[in-house]
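What follows is one structure encoded as structure tokens, with my remarks underneath.
On a predicted model such as this, the values are computed, not experimentally measured, just so you know. Numbered from 1 within each chain, the chains take letters A, B, ... in sequence-line order.
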Number of protein chains: 2
Amino acid sequence: MVTIKDIAKHAGVSVATVSYVLNNTRYVSPQRRERVLQAVEELNYVPNAVARGLRARNTKTLGLVLSDITNPFFPDLAKGCEDAAQAAGFSLVMLNTNEQRERIINAVLQIREGKVDGLIIASAVKQDLGILQELVLEGYPIVLAHRRIQDLQVDSVVADNFQGVTSAVRYFISLGHTRIAMFTGVDETSVNMERKEGFIKAMTDAGLPIRQEWMCNTLGDYQLAYNASANLMRLPWEERPTAVVCMNDMVALGVMDAVEDRGYQVPADMAVIGFDDLFFAGTQRIQLTSVRIPRYEIGQQAARLIIDRIQRTKTMEPMEIVLPTQLVVRKTSGDGIYR
Amino acid sequence: MVTIKDIAKHAGVSVATVSYVLNNTRYVSPQRRERVLQAVEELNYVPNAVARGLRARNTKTLGLVLSDITNPFFPDLAKGCEDAAQAAGFSLVMLNTNEQRERIINAVLQIREGKVDGLIIASAVKQDLGILQELVLEGYPIVLAHRRIQDLQVDSVVADNFQGVTSAVRYFISLGHTRIAMFTGVDETSVNMERKEGFIKAMTDAGLPIRQEWMCNTLGDYQLAYNASANLMRLPWEERPTAVVCMNDMVALGVMDAVEDRGYQVPADMAVIGFDDLFFAGTQRIQLTSVRIPRYEIGQQAARLIIDRIQRTKTMEPMEIVLPTQLVVRKTSGDGIYR
DNA sequence: CTGAAAGCGCTAACAA
DNA sequence: TTGTTAGCGCTTTCAG
């Protein structure tokens with residue numbers, strides 16, 4: 001391994017000078033500068049980031065904590081983070097928690113060990129409050145992405161879930177629906193809460209009843225949604241909703257498959273709106289109406305925010321960025337009520 | 001920040017002793033050990049990984065270089081890497097190249113800077129040969145995952161693409177097809193080459209002709225596949241293939257959509273087999289027959305291999321791990337020829 | 001304008 | 001059985 005010493009020797013200058021030309025951090029005479037640059041070139045020298053990091057007490061690395069990169073929601077968010085990080089000269093380490101407590105503890109350890117300068121947390125659940133609170137109090141840079149936590153004073157970047165679900169409900173209502181169901185997701189997340197509450201609010205505002213048996217908890221899972229939907233379709237028509245707002249596109253797909261497997265039609269017998277607008281929602285044979293979440297932007301802004309926070313010396317108030325959602329209308333929401 | 005010195009002082013021992021108990025690297029009397037542990041507890045001490053890394057000349061971090069985490073092929077592979085890395089106490093940094101030269105150069109820089117101990121490269125194309133060759137010669141640990149590069153003497157973990165495409169072609173033949181097309185992908189990759197060559201071999205072995213106009217290059221893209229497929233469907237029946245092997249499931253979806261948009265049926269008018277077996281392939285309304293690639297295992301084995309290589313002192317011959325594929329038969333491949 | 005040297009936090013060789 | 005200390009590669013203060 002070639003070090004700064006080798007360069008100094010080879011160029012006939014001190015290590016200080018080498019460092020100064022490399023970092024452009026004080027004047028060095030053209031001749032010496034040239035000699036240094038040439039030595040760097042000849043010996044193919046690259047400064048060691050670890051040594052640098054030890055001095056500078058940073059690593060130019062961010063940690064992205066998510067539950068599961070395999071969940072199609074996250075890759076876009078991760079990419080947003082990575083692009084923003086890269087643009088600022090930061091690397092991004094990926095930390096899947098698989099929703100396991102042990103894994104989130106390990107993630108948090110990374111910042112204490114100094115392996116990362118900040119943490120972007122996209123998997124926050126209520127239970128993490130304590131562990132994160134501690135981190136925040138100790139002054140570690142943290143930002144919550146996508147999911148936030150009540151009572152945690154910290155930067156966050158989230159989608160406007162309230163607006164998103166409201167637009168879905170209103171759209172159904174504009175089509176003439178009055179019996180609208182909601183298939184909810186993982187209970188402990190802010191995302192689920194906000195969408196659920198938004199649903200209830202929108203329904204109530206429109207003077208429409210909330211039927212408990214139409215509020216199905218699917219944990220965001222295709223199969224559970226399939227089952228719940230199949231159950232719903234067994235009810236007589238008057239007992240069934242005519243439309244359903246789904247926690248995500250997987251759930252929506254589960255509903256659609258169950259409806260059609262029981263011989264009914266989407267949207268005629270059951271209109272469906274999903275959430276997230278994943279790739280497949282736009283394909284010819286799915287054509288799922290869905291509330292688009294700006295996943296990439298969430299990741300990007302979160303990374304920018306935390307980098308800003310890391311580089312800024314004085315502290316500032318935690319800020320909350322809320323990004324707009326958009327209802328993307330396709331076929332599964334239908335043109336109106338059919339009977 | 002609390003350092004080893006603080007612990008030493010607080011426990012009334014030397015820093016060496018602290019280090020020794022923390023790493024269990026030489027005998028320390030029970031009393032002193034206890035005092036140290038207690039100090040660690042009280043001051044909430046966590047050893048600094050950067051300082052450690054500087055000494056040890058490693059970072060316990062792996063770099064995963066891929067073209068685009070947003071491509072649904074990669075998240076599983078990434079997760080396999082992460083799980084294996086985590087199990088061995090390594091972190092994983094994600095490096096999206098977006099197929100840009102500048103980005104791969106940056107990725108390679110990471111290892112030279114000492115930010116990562118090894119690189120798992122899942123985005124290798126022919127053009128990278130030079131840059132990677134150099135790295136290998138300098139002795140940096142590298143493993144190729146999914147895609148390999150000809151003439152590069154280095155560990156690799158890939159799927160048996162040859163076997164995969166052969167099973168697809170044979171299956172079509174067993175169903176009575178003789179006019180079989182192939183929709184290929186990105187030219188520069190080993191994956192594409194192997195599947196293409198495998199296709200040609202399997203067809204030739206069966207005495208079936210290869211029609212150049214049925215070998216469509218789609219770059220693995222849904223839309224391009226859609227267009228190419230639409231063109232094919234404009235031909236009179238005798239000029240059309242009755243079945244098509246697709247480079248990946250996106251391409252297969254594009255074909256299916258185009259076929260049906262032109263008023264034809266899958267599999268009756270066109271039987272389809274995809275590659276990768278992504279999530280949506282298994283859903284009710286897609287039911288795509290597809291060649292499953294063990295994505296998670298590829299990532300997992302690649303990470304294990306490189307960790308092994310990093311930790312082993314003496315060098316060993318580069319090894320190549322080839323994992324089996326599996327044809328998952330669903331609806332789109334049909335039961336046989338229909339007219 | 002340039003260099004010597006301290007020191008970032010840790011490990012481990014050497015000494016006692 | 002334990003402590004002292006050099007040194008990992010780099011930046012930056014201090015002195016010249």
Side-chain angles (χ1 to χ4, degrees), chain A residues 1-37 39-40 43-61 89 109-117 311 313, chain B residues 1-37 39-40 43-61 89 109-117 311 313:
Chain A
M1 180 194 218
V2 25
T3 75
I4 200 172
K5 266 190 192 164
D6 301 317
I7 301 300
K9 193 177 303 172
H10 198 263
V13 301
S14 71
V15 294
T17 297
V18 177
S19 175
Y20 287 123
V21 345
L22 256 30
N23 301 295
N24 253 311
T25 179
R26 90 174 176 195
Y27 181 88
V28 175
S29 72
Q31 304 91 309
R32 311 191 134 236
R33 143 166 269 113
E34 195 43 50
R35 292 226 302 281
V36 168
L37 261 18
V40 166
L43 302 190
N44 198 8
Y45 168 70
V46 179
N48 183 287
V50 177
R52 218 172 227 185
L54 178 59
R55 263 273 359 189
R57 337 175 84 65
N58 69 36
T59 53
K60 291 283 205 169
T61 304
L109 197 59
Q110 301 271 322
I111 201 172
R112 286 217 159 82
E113 286 181 322
K115 285 197 80 167
V116 302
D117 299 340
Q311 291 174 339
T313 45
Chain B
M1 181 193 217
V2 27
T3 74
I4 200 172
K5 265 189 192 164
D6 301 318
I7 301 301
K9 194 178 300 173
H10 197 264
V13 301
S14 72
V15 294
T17 298
V18 177
S19 175
Y20 288 123
V21 345
L22 256 29
N23 300 296
N24 254 311
T25 178
R26 86 175 178 196
Y27 180 88
V28 175
S29 72
Q31 307 91 306
R32 313 190 131 238
R33 143 165 269 115
E34 194 43 51
R35 293 227 299 283
V36 169
L37 262 16
V40 166
L43 302 190
N44 197 10
Y45 169 72
V46 179
N48 182 288
V50 177
R52 219 174 228 184
L54 179 59
R55 260 278 355 189
R57 336 175 84 65
N58 69 35
T59 54
K60 291 283 206 170
T61 303
L109 197 61
Q110 302 270 321
I111 202 173
R112 285 216 161 83
E113 286 180 322
K115 284 197 82 166
V116 303
D117 298 341
Q311 291 175 338
T313 47

Starting at atom [atom1] of [X], determine the distance to atom [atom2] of [N], rounded to an integer number of angstrom.
X        : N     : atom1 : atom2 : result
A:Ile7   : C:dG3 : CD1   : C1'   : 18 Å
A:Glu34  : C:dC1 : CD    : C1'   : 18 Å
A:Asp117 : C:dC8 : CG    : C1'   : 15 Å
A:Asn48  : C:dC8 : CG    : P     : 18 Å
A:Arg33  : C:dT2 : CZ    : P     : 10 Å

If you compare all heavy atoms of [X] against all heavy atoms of [Y], which two are closest, and at what distance to 0.1 Å?
X       : Y       : answer
A:Lys60 : A:Gly89 : CB-O, 3.8 Å
A:Leu22 : A:Tyr45 : CD2-CE2, 3.5 Å
A:Val15 : A:Ile4  : O-CD1, 3.7 Å

(request) Find out whether A:Val40 and A:Arg35 are in side-chain contact, i.e. whether some heavy atom of one side chain is under 4.5 Å from a heavy atom of the other. (result) no
Find out whether B:Asn48 and B:Thr3 are in side-chain contact, i.e. whether some heavy atom of one side chain is under 4.5 Å from a heavy atom of the other. no
Bounded by its outermost nucleotides with an atom under 4.0 Å from a heavy atom of chain B, the footprint on DNA chain D reads D:dT1 to D:dG9
Residue pair B:Val46/A:Ser14 against DNA chain C: nearer the 5' end by closest nucleotide is A:Ser14
| request: Output, in order, the C-alpha distance, side-chain angles, deciding distance and verdict of side chain to side chain donor-acceptor pair (under 3.5 Å) for B:Lys115 and A:Thr61. | output: CA-CA 9 Å; B:Lys115 284 197 82 166; A:Thr61 304; 3.2 Å; yes
| What does B:Val28 touch in the nucleic acid at a heavy-atom separation under 4.0 angstrom: a base, only the sugar-phosphate, or nothing? | sugar-phosphate
Report task. Go through the steps for A:Arg33 and A:Asn24 under the test side chain to side chain donor-acceptor pair (under 3.5 Å), then give the verdict. Result -> CA-CA 10 Å; A:Arg33 143 166 269 113; A:Asn24 253 311; 3.2 Å; yes
Report task. Show the numbers, then the answer: is there a side chain to side chain contact (heavy atoms under 4.5 Å, CB included) between A:Glu113 and A:Ile111? Result -> CA-CA 5 Å; A:Glu113 286 181 322; A:Ile111 201 172; over 6 Å; no
Letter by letter from the 5' end, nucleotides 11-16 of chain C scores (B base, S sugar-phosphate only, - none; protein heavy atoms under 4.0 Å) BBBB--
